[in-house]
Protein chains: 2
Amino acid sequence: MDFERADALNQAIRLLSLRHRARAAALLAPLGLHPGQEALLLELDRTGPMIQAQLSEALGCEPPSVTLMTRKLEASGHIRRKPAPSDKRASIVELTDSGKALADQVKGLWCALAEETVTGLPAETVAELPGILNTLTGNVDTRRPRHPQGHRDDG
Amino acid sequence: MDFERADALNQAIRLLSLRHRARAAALLAPLGLHPGQEALLLELDRTGPMIQAQLSEALGCEPPSVTLMTRKLEASGHIRRKPAPSDKRASIVELTDSGKALADQVKGLWCALAEETVTGLPAETVAELPGILNTLTGNVDTRRPRHPQGHRDDG
DNA sequence: ACAGATTGGTTATGCGCATAACATTATCCG
DNA sequence: CGGATAATGTTATGCGCATAACCAATCTGT
């Protein structure tokens, strides 16, 4: 691929990251949340109590990041940690009542953000978008075992 | 939009950001660069010497971020700052020879990253991708003047 | 010409994310 | 059983990014 096209793509991804995150930050600020924290709340709301290692996997970020994020959300009273009964190393993380209420508010913002994000795109493109983005993500994901699809011989 | 679809989209954008950045970090590390710095080098390579305010605009990040990034790239010898002749406040930033050499190396990596990223997508989707992503970015961009399509009361 | 607003840049601080080094507990296996 | 290995989590540190507060220089209007 020539550099111009490559740069257009990489730059577009970088800018989308920055702007989408900034917009999320603006929406979440009134709730006292920073971008990234909402993902943790939504994951707990969706899946229920879980240990940090599972959170790390679900959120796609490293254990030390989870340690710090959970610490801050615990300090602000939205989540709670308790020792896992069958594993003295692990901490089970769960939403508090305030955390559940907050997650519900986040859901509303999330819908608004998604609608705002895809404004002006044809419906069929919108329908395909998550799949396309997930393909891109899978292609550069070094955490997950890359599924061996016919393609091979990658340096 | 229902929450599931909204979450799928927002989550997909978040994950793409994380993984694409992580992959970029892995590719740039051998050059001694951190993700984000390559954008600054490429912009200087493309446009030539410019002041920090222009860099801030081009990179889509805030002036304090530019201050810190330029300071580090200057410390590592890849860029140089000199006072602007006609404005005693401004600093003109330009690539050093080592910075130019580095930018060329980054171009190669950038092509490889873009190809890797779009692996498995049909060519026509790849062709549309930058446009689609830029539309998404524009939709959530609070920095740029939002083009006035219809009037509505923003609370 | 001068006061006020605007622009360019920096410092201080905080968050999300990363890696490296480490302690603790679980598990695997000879 | 016991020692090696793996898994869970934390601390330390560093970068990119943000906002808030601030200084210095430029521009504007009267």
Side-chain angles (χ1 to χ4, degrees), chain A residues 14-41 50-57 59-76 81-93 142-143, chain B residues 14-41 50-76 81-93 141-143:
Chain A
R14 192 190 111 92
L15 270 191
L16 175 59
S17 304
L18 281 177
R19 297 293 118 228
H20 188 263
R21 186 183 185 84
R23 186 72 185 118
L27 292 172
L28 293 170
L31 304 185
L33 288 178
H34 294 270
Q37 299 182 328
E38 88 290 340
L40 203 158
L41 295 182
M50 56 205 298
I51 69 172
Q52 294 184 199
Q54 292 172 306
L55 268 176
S56 168
E57 177 65 21
L59 300 182
C61 58
E62 299 297 319
S65 304
V66 175
T67 293
L68 299 179
M69 290 168 70
T70 53
R71 182 174 301 165
K72 278 156 195 163
L73 284 170
E74 186 180 28
S76 47
R81 285 147 126 182
K82 54 184 188 184
S86 59
D87 190 334
K88 289 184 184 295
R89 299 167 301 177
S91 294
I92 294 179
V93 181
T142 52
R143 286 166 59 99
Chain B
R14 192 190 111 92
L15 270 190
L16 175 58
S17 304
L18 281 178
R19 298 292 118 231
H20 188 263
R21 186 184 184 83
R23 186 71 185 119
L27 291 172
L28 293 169
L31 304 184
L33 288 178
H34 294 270
Q37 299 182 328
E38 88 290 339
L40 203 157
L41 294 182
M50 56 206 296
I51 69 173
Q52 293 183 201
Q54 292 172 307
L55 268 176
S56 169
E57 177 65 21
L59 300 182
C61 58
E62 299 298 318
S65 304
V66 175
T67 294
L68 299 180
M69 289 168 70
T70 53
R71 182 175 300 164
K72 277 155 194 165
L73 284 170
E74 185 180 28
S76 45
R81 286 147 126 180
K82 54 185 187 185
S86 59
D87 191 333
K88 288 184 185 298
R89 298 167 301 178
S91 294
I92 294 178
V93 181
D141 195 344
T142 52
R143 286 167 60 100

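A quick note: this is a predicted structure, and the numbers were derived from the prediction, not measured. So that the names make sense, note that chain A is the first sequence line, chain B the second, and so on, each numbered from 1.
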Engineer: May I have the distance from Gln54(A) (atom CD) to dT8(D) (atom P), rounded to whole angstrom?
Structural biologist: 9 Å
Engineer: Specify the separation, in whole Å, of atom CG of Leu55(A) and atom P of dT10(D).
Structural biologist: 11 Å
Engineer: Would you kindly give the NE2-to-P distance between His20(A) and dG16(C), to the nearest whole Å?
Structural biologist: 17 Å
Engineer: Go nucleotide by nucleotide along DNA chain D from the 5' end; which of Gly36(B) and Thr67(A) gets its closest nucleotide reached first?
Structural biologist: Thr67(A)
Engineer: When you measure from the side chain of Glu62(B), which nucleotide among dT19(D), dG9(D), dA18(C) comes out closest?
Structural biologist: dT19(D)
Engineer: I want to verify a distance call: between dA18(D), dC15(D), dT19(D), whose nearest atom is closest to the His34(B) side chain?
Structural biologist: dC15(D)
Engineer: Measuring from Leu73(A):CG to Leu41(A):CG, what's the distance to the nearest 0.5 Å?
Structural biologist: 5.5 Å
Engineer: Could you tell me how far apart Gln52(A) (CD) and dG9(D) (P) are, to the nearest whole angstrom?
Structural biologist: 5 Å
Engineer: Among Asp87(B), Ile92(B), Val93(B), which residue satisfies the side chain to side chain contact (heavy atoms under 4.5 Å, CB included) criterion with Ile51(B)?
Structural biologist: Ile92(B)
Engineer: For Gln37(A) and dC15(C), is the shortest distance between a side-chain N/O and OP1 or OP2 below 4.0 Å?
Structural biologist: no
Engineer: Nearest to the side chain of Arg21(A), heavy atoms from C-beta on, is which of dG16(D), dG16(C), dT10(D)?
Structural biologist: dG16(C)
Engineer: Verify the contact: side-chain N or O of Ser65(B) to OP1 or OP2 of dA18(D), cut-off strictly under 4.0 Å; return yes or no.
Structural biologist: yes
Engineer: Would you compute the distance between atom CZ of Arg23(B) and atom CG of Leu18(B) and round it to the nearest 0.5 angstrom?
Structural biologist: 15.5 Å
Engineer: Nearest whole angstrom, please: distance from the P of dT27(C) to the NZ of Lys88(A).
Structural biologist: 13 Å
Engineer: When you measure from the side-chain N and O atoms of Lys72(B) to the phosphate of dG14(D), is any distance below 4.0 Å, counting only OP1 and OP2?
Structural biologist: no
Engineer: Check the side chains of Thr70(A) and Arg81(A) for a donor-acceptor pair under 3.5 angstrom, ignoring hydrogens and angles.
Structural biologist: yes
Engineer: Measuring from Met69(A):CE to Leu59(A):CG, what's the distance to the nearest 0.5 Å?
Structural biologist: 6.0 Å
Engineer: Let me know the distance between CG of Leu33(B) and P of dG14(D), rounded to the nearest Å.
Structural biologist: 18 Å
Engineer: Starting at atom CE of Met69(A), determine the distance to atom P of dG9(D), rounded to an integer number of angstrom.
Structural biologist: 15 Å
Engineer: Need one value for Ser56(A): base, sugar-phosphate or nothing, where a base atom within 4.0 Å counts as base even if backbone is also close, heavy atoms only.
Structural biologist: nothing
Engineer: Quick one: on DNA chain C, does Asp87(A) or Pro64(B) contact a more 5' nucleotide (nearest heavy atom)?
Structural biologist: Pro64(B)
Engineer: Which of these nucleotides, dC17(D), dG9(C), dT10(D), is closest to any side-chain atom of Arg14(A)?
Structural biologist: dC17(D)
Engineer: Not counting sequence neighbours, list each pair that qualifies as a salt bridge (charged side-chain N to carboxylate O under 4.0 Å, His left out) and has a residue in residues 61-71 of chain B.
Structural biologist: Glu62(B)-Arg143(B)
Engineer: Can a side chain N or O of Arg19(A) be found less than 4.0 Å away from OP1 or OP2 on dC17(D)?
Structural biologist: no
Engineer: Using atom CG of Leu59(B) as one end and atom C1' of dG8(C) as the other, report the distance to the nearest whole Å.
Structural biologist: 16 Å
Engineer: Identify which nucleotide among dA26(C), dT10(D), dA18(C) has an atom closest to any side-chain atom of Arg81(A), counting heavy atoms from C-beta outward.
Structural biologist: dT10(D)
Engineer: Can a side chain N or O of Arg71(A) be found less than 4.0 Å away from OP1 or OP2 on dC15(C)?
Structural biologist: no
Engineer: Specify the residue among Arg89(A) and Cys61(A) whose closest nucleotide of DNA chain C lies further upstream toward the 5′ end.
Structural biologist: Cys61(A)
Engineer: Counting side-chain heavy atoms from C-beta on, which of dA25(D), dG8(C), dG16(C) comes nearest to Ile51(B)?
Structural biologist: dG8(C)
